[in-house]
Amino acid sequence: MRGTQLDAADIKLESAPGGVPSGPGTPRGQSEAHFLPEGLSLDQYEQEIIREALRRADGNKSQAARMLGLTRNALRYRLTQMGLEA
């Protein structure tokens, strides 16, 4: 990670080739079939990214929120939805 913000290049997830949908602005030859990592729903993918940001921030929610480009309250809301914060 280069700075305090988590970039897409910082997230390493296993996925099948062609993991990005086709359409305007997408590289040629990539299909819509594997937009998300295989076997993950959007909610699961979001949770994985949030957990990774928290791990990199050593549990510091303010720092993790900054990495994700969220406010601390937005991160806390998502954590509550995930059942990780009361």
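The first residue of the sequence shown is numbered 1, and numbering continues consecutively from there.
Atom-to-atom distance recorded for Leu70:CG and Ser62:OG is 11.5 Å, nearest 0.5 angstrom. Taken from OG1 in Thr71 to CZ in Arg66, the straight-line distance is 12.0 Å, to the nearest 0.5 Å.
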Practice task
List the steps, then state whether salt bridge (Lys or Arg N to Asp or Glu O under 4.0 Å) holds for Glu48 with Arg51.
Solution key: CA-CA 5 Å; Glu48 190 171 312; Arg51 285 189 177 103; over 6 Å; no
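Here the closest heavy-atom approach between residue Leu75 and residue Lys61 is recorded as CD2-O, 3.3 Å. In terms of heavy atoms, Ile50 sits closest to Met82 at CD1-SD, 3.9 Å. The minimum heavy-atom distance between Gly39 and Gln44, with the atom names listed, is O-OE1, 3.5 Å. A pairwise comparison of heavy atoms in Ala53 and Met67 identifies O-SD, 3.8 Å as the closest pair.
Residues meeting the salt bridge (Lys or Arg N to Asp or Glu O under 4.0 Å) test with Arg78, sequence neighbours left out: Glu46.
With a 4.5 Å cut-off on side-chain heavy atoms, Asp43 and Gln81 do not count as touching.
Linking ILVMFWY residues whenever their side-chain heavy atoms come closer than 4.5 Å, directly or via other members, leaves Leu54 and Tyr77 in distinct clusters.
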